[in-house]
Amino acid sequence: MPAPKEIKRISEVVWEIPETYKKGMLVPARIYATKQLLDSMDEGVFEQVTNVACLPGIQKYALCMPDGHWGYGFPIGGVAAFDFENGVISPGGIGFDINCGMRLVKTNLTIEEVKPKLKQLVDLLFQTVPTGVGATGFVKLSNSQFDEVMVKGARWCVEHGYGWKEDLERIEEHGAIKGADPSKVSKKARERGIDQLGTLGSGNHYLEIQVVDRIFDHNIANAFGIEQEGQIVVMIHCGSRGFGHQIATDYLKVFLDAMKKYGIPLLDKELACAPIDSPEGRDYYSAMLCAANMAFANRQVILHRVREAFEKIFKKSAQDLEMHLVYDVAHNIAKAEEYEVDGKIKKLLVHRKGSTRSFGPGHPELAEIYRDTGQPVIIGGSMETGSYLLVGTKRAMEETFGSTCHGSGRTMSRHKAKKEINYNQLVKQMEERGIYVRSASKSGLVEEAGVAYKNISDVVEAVDRAGISRKVAALRPIGNIKG
DNA sequence: ATGTTC
């Protein structure tokens, strides 16, 4: 679908829809994309990103990344920052899967060492990491322990034997965001979440064995623990499961009433929101952070299982296999961060929905190990086409509220993929190309076929050219476990 | 994404 005729080209990969496009827009909308990616975006993206530009307290621009596509209220690939004093918080700008994110683990193994044992390894991981809709985990929690998980996130896991102390400095916000309040979480959300720690889920969530295919920046790759092409790494993609989903559902309902109360105009029910500085807004923020911390804990427990599986198959300790965490990033979340707006430093609530934080070198919030390089940015592609490791930049701080893209973005609906792609053929084709896959459901697998997604290299090229993150390494899948 | 439709 073509972009609206009002769109202006700002640079090779930045496009702007002016405030005059639609009544009520408070700021322009900006889309980061090559001409080719822009032309392939669905019309919904332009409608939604300009709707977001109408929300109270929005700062500078409503943004969309090159992997943008139509989503619930806000586009997926969306970034929007709101003033804490007069702005809003919106579940649609965060996503149902609160703190859906990516985690990357390195090893010192090479493809030659792993290939003979790949099937054994993938089969073991498929057994030990619960996968699929409704999956429950092996960590049994009491209600008060679950409260602790909501507040302490990955730190709770490390204190209880699921991981290494050093893991915590390699997670966004050290795996525990301050401000989570379990009393703001409904009984229903608690019931759905309490047995879901350490589970992968379904849809596009996966656990993948990958090989470093190409290194673009050797210095930064080395600082991230990526030493050579042919090295084996493991990528984990999942979020807060039914727990975060229920919290989003609960507060969407609360916010529809709150909007009337606060006199916020309703453009679209899916844009339900509340003032950040209101009882409803503060409650959702505190509950949302419970889900964010649960998701960090979820990925931490899965990492523990991954280390155990490698130890069993390769008969060496995870320490000896140098299975250090590279990083863990959220790509569905809202964060309190400071940015310069009109020459003043302001505290903003940055909504990232299908968008990754991309803090550059020197940012005070980064752990010392990544202070000089900028943070690692983990971009998941489809299970067939590969993934990327990037690094954050100062330019992202200036242009995109410290944000970049998150993945490929679908081009084919799940429904269409199910109709057009044959399961057995897909598995055979993947096996011929050296990718061994185990999946909880046949339809779940065909929905995630590579042809159903945008070309990840095009997306990464666009953010690299825009300078809002830089390519460090390309990763290629060899084994995949999915929901 | 999701005990895949409250």
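FYI, side chains are in, hydrogens and waters are out, and symmetry mates aren't considered; it's all heavy atoms of this structure. Naming convention: chains lettered A, B, ... in sequence-line order (proteins, then strands); numbering from 1 in each chain.
Rounded to an integer number of Å, the gap from Q246(A) CD to dC6(B) P is 10 Å. Between the P atom of dT5(B) and the CZ atom of R414(A) lies a distance of 12 Å, rounded to the nearest Å. Here the P atom of nucleotide dC6(B) and the CG atom of D250(A) are 13 Å apart, to the nearest Å. Taking atom CG of D195(A) as the reference point, atom C1' of dT2(B) lies 14 Å away to the nearest angstrom. Computed from coordinates, the K482(A) NZ to dT4(B) C1' distance equals 15 Å when rounded to whole Å. K253(A) has its NZ atom 10 Å from the P atom of dC6(B), to the nearest Å. One can place OH of Y72(A) at 17 Å from P of dT2(B), the figure rounded to the nearest angstrom. Remark: C1' of dT4(B) and NZ of K442(A) are 20 Å apart, rounded to the nearest angstrom.
Residue-level contact check: G95(A) touches neither bases nor backbone, having no heavy atom under 4.0 Å from any strand. Using a 4.0 Å heavy-atom distance criterion, E191(A) is classed as making no nucleic acid contact. R410(A) comes within 4.0 angstrom of nothing in the nucleic acid, heavy atoms only.
The ring-ring contact (aromatic ring centres under 6.0 Å, His included) search around H245(A) returns F96(A), not counting sequence neighbours.
Look at S202(A) and you'll find a side-chain N or O under 4.0 angstrom from OP1 or OP2 of dT2(B).
Of the residues listed (R414(A), K442(A), K482(A)), the one engaging E447(A) in a side chain to side chain donor-acceptor pair (under 3.5 Å) is R414(A), and it is the only one.
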Review item, side-chain donor-acceptor pairs of residues 330-337 of chain A, under 3.5 Å, at least two apart:
| residue | atom | partner | partner atom | Å |
| --- | --- | --- | --- | --- |
| H331(A) | NE2 | H237(A) | NE2 | 3.3 |
| N332(A) | OD1 | G354(A) | N | 3.0 |
| N332(A) | ND2 | D97(A) | O | 3.1 |
| K335(A) | NZ | E172(A) | OE2 | 2.5 |
| K335(A) | NZ | E173(A) | OE2 | 3.2 |
| E337(A) | OE1 | Y339(A) | OH | 2.6 |
| E337(A) | OE1 | R352(A) | NH2 | 2.8 |
| E337(A) | OE2 | R352(A) | NH1 | 3.1 |
| E337(A) | OE2 | R352(A) | NH2 | 3.3 |

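Each of H205(A) and V133(A) lies near DNA chain B, and the nucleotide nearest H205(A) is the one positioned closer to the 5' end.
In terms of heavy-atom proximity, L348(A) sits nearest to A81(A) at CD1-CB, 3.9 Å.
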